[in-house]
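Worth knowing before you read on, the calculation uses all heavy atoms, side chains too, and leaves out hydrogens, waters and symmetry mates.
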Amino acid sequence: MKDLFIRFVNFMKNSQWVKGLFYGLCGGSIGLFILFVISVNPNIYGNFAEWFGAIGTIGAVWLAVSYRRAKLNFDVDAAIRVRKLRKLPSNSDQYFEYKPELQIDIFNVNDPSVMIKDIEIVIKNRTRISHLLEDKPIVIKGFEAKRLETKSVSNLITNMEDYKILKKQDPKINVILFGDDKRTFDIRFINEDGAE
């Protein structure tokens with residue numbers, strides 16, 4: 001019986017409908033109070049339309065301010081670019097050096113600043129390449145964008161076969177925020193100059 005009671009209390013604490021019921025009762029009580037005040041003397045306290053308009057305006061301002069301030073909203077465009085550079089004189093086109101780069105564009109599309117603790121690449125076989133930020137941590141202010149470039153993928157991609165294998169594994173990029181909140185984004189692969 002005690003176990004059942006504990007489960008019921010935990011359910012009530014974590015339930016969204018309990019919060020909805022509480023807020024509904026609070027809103028209903030406020031509404032009844034307003035109706036009571038209006039019925040006493042509408043000439044002094046105003047009529048229902050005035051009260052309704054005032055509450056609606058206050059609610060709209062509160063919603064707009066809380067949504068704009070509280071929500072982190074940013075987008076990440078990550079791309080692994082591979083360029084081939086000639087290693088030997090131009091008359092020999094069979095030897096190339098491959099230059100892989102990871103470019104990360106972060107767009108903060110909301111007001112609060114985004115504080116990024118680390119960025120890591122996650123490959124399907126659960127391999128993680130972390131600590132991609134050389135200058136850490138970084139802060140991107142509201143409505144700003146920042147480009148990060150790193151050559152840390154050069155040990156992963158030494159030739160075009162490595163590039164193709166990594167591309168097939170469909171790696172993702174994790175952006176780790178302060179508080180250890182992780183957001184996952186796709187990585188695009190760009191083969192410049194037709195490297196093969």
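- Within the model, atoms CD1 of Ile106 and CZ of Phe185 stand 8.5 Å from one another, a figure rounded to the nearest 0.5 Å.
- Separating the CD1 atom in Ile190 from the CD1 atom in Ile187 is a distance of 11.5 Å, to the nearest 0.5 Å.
- One finds the CD atom of Glu101 at 11.0 Å from the CD1 atom of Ile157 (value rounded to the nearest 0.5 Å).
- With hydrogens and angles disregarded, no donor-acceptor distance shorter than 3.5 Å links the side chain of Asp77 to the backbone of Asp105.
- Summarising the geometry of Val82 relative to Met160, their closest heavy-atom pair is CG1-SD, 3.8 Å, with the distance given to 0.1 Å.
- The pair Arg183-Asp181 meets the salt-bridge criterion, with a side-chain N (NZ, NE, NH1 or NH2) lying under 4.0 Å from an Asp/Glu carboxylate O.
- For the pair Leu166 and Pro171, the tightest heavy-atom approach, listed with the atom from each and the gap, is O-CD, 3.2 Å.
- Taking all atoms of both residues into account, the shortest heavy-atom contact from Val109 to Phe143 is O-CE2, 3.7 Å.
- Around atom CZ of Phe178, more than 12 heavy atoms belonging to other residues, nucleotides or ligands sit under 6.0 Å away.
- In this structure, the side chain of Thr127 does not engage the main chain of Ile123 through any donor-acceptor pair within 3.5 Å.
- Judged purely by distance below 3.5 Å, without hydrogens or angles, the side chains of Asn174 and Glu120 pair a donor atom with an acceptor atom.
- The distance between the ring centers of Tyr163 and Phe189 falls below 6.0 angstrom.
- Annotation: the span from Lys182 atom NZ to Leu177 atom CG amounts to 11.0 Å, rounded to 0.5 Å.
- What you find for Pro137 and Ile116 is that their closest heavy atoms are CB-O, 3.2 Å.
- Of the inter-residue distances, the one linking Thr150 atom OG1 with Ile104 atom CD1 reads 7.5 Å to the nearest 0.5 angstrom.
- Once rounded to the nearest 0.5 Å, the distance linking CD of Glu144 with CZ of Phe74 reads 15.0 Å.
- In plain terms, the two heavy atoms of Leu133 and Lys117 that are nearest each other are CD1-O, 3.7 Å.
- The pair Asp170-Lys172 counts as a salt bridge, with a side-chain nitrogen and a carboxylate oxygen less than 4.0 angstrom apart.
- Of all the heavy atoms in Gln103 and Arg81, the pair that sits closest is OE1-NE, 2.7 Å.
- Of the candidates Val76, Thr184, Val114, Asp118, Val175 forms a side chain to side chain contact (heavy atoms under 4.5 Å, CB included) with just one, namely Val76.
- Put simply, the side chain of Leu148 reaches to within 4.5 Å of the side chain of Ile119, judged on heavy atoms.
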